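In what follows, a structure is listed as structure tokens, so that the remarks can point back to it.
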There are 2 protein chains.
Amino acid sequence: MSHPHRFFAPYDEITVARVPLPPEEAHHALRVARLKQGDRVSVINGRGDEISGTLMAPGRRDAFVEVLERRHCSPPRVAVTLAPGGLHQDKLQQEIIRRAVETGVSRVCFWQADHSQKSIAFQERWLRTAVESCKQCGRFYLPVIDTAPSLEAFLEQYSGPGIIGLPEADPTAPVTVELTDRLAVLVGPEGDFSTREKAIAADFGMAPVSLGGYVYRSETAAAFLMTLVADRLGELGPALTVTSKVCSGEGME
Amino acid sequence: MSHPHRFFAPYDEITVARVPLPPEEAHHALRVARLKQGDRVSVINGRGDEISGTLMAPGRRDAFVEVLERRHCSPPRVAVTLAPGGLHQDKLQQEIIRRAVETGVSRVCFWQADHSQKSIAFQERWLRTAVESCKQCGRFYLPVIDTAPSLEAFLEQYSGPGIIGLPEADPTAPVTVELTDRLAVLVGPEGDFSTREKAIAADFGMAPVSLGGYVYRSETAAAFLMTLVADRLGELGPALTVTSKVCSGEGME
């Protein structure tokens with residue numbers, strides 16, 4: 001690992017001189033990672049700040065970090081909201097949250113879909129997953145994670161441009177989205193959008209994206225769309241260009 | 001679902017008039033999906049052919065498909081080989097194989113890395129995962145899945161251009177790859193590439209890609225790179241363009 005151990009603490013002040021680690025982070029530092037007094041660590045607060053410093057362990061369970069350096073990272077200039085229709089499985093929700101952090105998404109809003117087989121309720125562990133993912137990949141912003149009682153409730157509250165993953169969208173039509181300071185990415189639940197929800201999305205001006213006409217699982221479609229959007233916004237580094245003299249793409253005969 | 005139930009059978013001849021389903025596919029058709037004689041189904045062979053027709057069930061366990069229509073899909077014009085360093089966990093291998101199918105990858109070659117904690121051995125279930133993924137998303141080509149005893153063994157046998165995911169690569173330098181009929185995508189194992197392996201990849205002309213300088217898990221880096229490559233090759237449908245008057249990307253202060 002090229003970076004020191006990274007921890008999370010929801011500290012407010014960027015002028016703080018020492019940052020106490022929350023109990024579970026202190027436990028991880030002292031008991032799991034077995035770090036020692038004086039080891040170099042960093043602490044993020046999920047709101048753009050990172051301090052690095054040395055670990056102090058005055059007790060068996062307590063730990064704080066003596067601040068040596070601070071860094072602040074501006075939020076992404078375009079706030080991406082991922083809005084997946086309610087998924088049945090906890091592990092798929094976690095998978096989506098991890099990928100959202102990894103692609104720099106600012107908000108994940110799970111909405112109750114017409115075809116959802118169970119109701120969506122906010123889970124504390126979603127935040128823990130997001131925190132772990134930030135620590136792991138090195139992103140500085142925790143996304144907001146919330147729920148909406150329906151697609152229209154989400155769209156009425158969100159106001160801005162967006163795209164919607166629809167396998168039946170024209171797989172040959174290029175899609176252009178003009179951004180403001182935000183972009184929504186709508187993904188259907190496991191049973192797909194209902195006809196009613198598709199009409200609502202169209203009313204709100206969401207642009208259909210086909211992903212080539214294949215039928216992808218919800219979490220796969222979400223991952224593809226988050227990756228493509230992050231790429232276009234420069235969140236995955238500089239452009240990868242592939243130049244080719246041969247034509248690409250599959251062709252039906 | 002907008003498509004009929006899809007099955008897999010490794011039939012050779014595209015002129016065949018009826019396709020017997022392999023035992024486990026017949027079981028799935030009759031016992032799990034509970035399809036009936038005369039139901040419309042499709043069968044892919046993983047080599048570009050799909051037939052659609054009606055299910056015939058002459059016995060309790062036997063089933064074949066009476067062919068009504070055939071379709072052939074040309075292979076991708078650029079054969080992408082994903083070459084991940086050996087992963088420890090079976091579920092991560094499966095995750096990578098699924099994503100490889102979903103992005104139209106032609107070959108997955110797991111290589112034994114200097115930092116692999118166990119040795120890589122070919123697993124029959126990898127093929128099953130690839131077959132299930134083809135059936136699910138509607139891609140017509142099964143990737144070849146194999147292993148190599150080392151990165152250099154893979155690269156000596158593979159001959160062509162490629163990219164390598166390296167978090168320490170310059171996160172501001174655009175990467176341009178000139179394609180022939182193939183492209184390799186190299187991803188490190190959980191413990192990262194060894195210094196030796198990085199030097200070998202450089203010797204073989206693999207272009208470093210940073211993904212923005214974040215530290216991603218192996219399977220995440222693989223998913224990102226496969227998605228970006230599939231996008232550039234037109235395998236995920238037409239281009240998504242995001243036009244923006246605001247600057248994008250995070251900035252350190």
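Nothing here was measured: the structure is a model prediction, and the numbers come from that model. Below, chains carry the letters A, B, ... as their sequence lines are ordered, and counting in each starts from 1.
For residues 159-168 of chain A, the interface with chain B (any heavy-atom pair closer than 4.5 Å) comprises A/Ile163, sorted by residue number.
At a 4.5 Å heavy-atom cutoff, the contact between B/Arg98 and chain A is made by side-chain atoms alone. Looking at B/Thr176, both its backbone and its side chain come within 4.5 Å of chain A, counting heavy atoms on both sides. The contact between B/Pro174 and chain A is made by backbone and side chain atoms together, counting heavy-atom distances below 4.5 Å.
In this structure, B/Gln136 and A/Val215 approach most closely via the heavy-atom pair NE2-O, 3.1 Å. Pairing each heavy atom of A/Thr220 with each of B/Glu102, the nearest pair is CG2-OE1, 3.2 Å. Considering all non-hydrogen atoms of both residues, B/Arg99 and A/Phe224 come closest at CD-CE2, 3.7 Å.
Chain A forms more heavy-atom pairs under 4.5 Å with one residue of B/Leu183, B/Val175, B/Asp170 than with any other, namely B/Val175. The candidate with the highest count of non-hydrogen atom pairs below 4.5 Å against chain B, out of A/Gly48, A/Gly191, A/Ser133, A/Ala173, is A/Ala173.
You'll find the side chain of B/Met226 stays beyond 4.5 Å of the side chain of A/Thr227, heavy atoms only. Using a 4.5 Å heavy-atom cutoff, the side chains of B/Val229 and A/Leu240 are in contact.
The structure places NZ of A/Lys91 at 8.5 Å from NZ of B/Lys91, a figure rounded to the nearest 0.5 Å. A distance of 7.5 Å separates OG1 of B/Thr103 from OH of A/Tyr216, quoted to the nearest 0.5 Å.
Every salt bridge (Lys or Arg N to Asp or Glu O under 4.0 Å) that A/Arg107 has, sequence neighbours left out, goes to A/Asp146.
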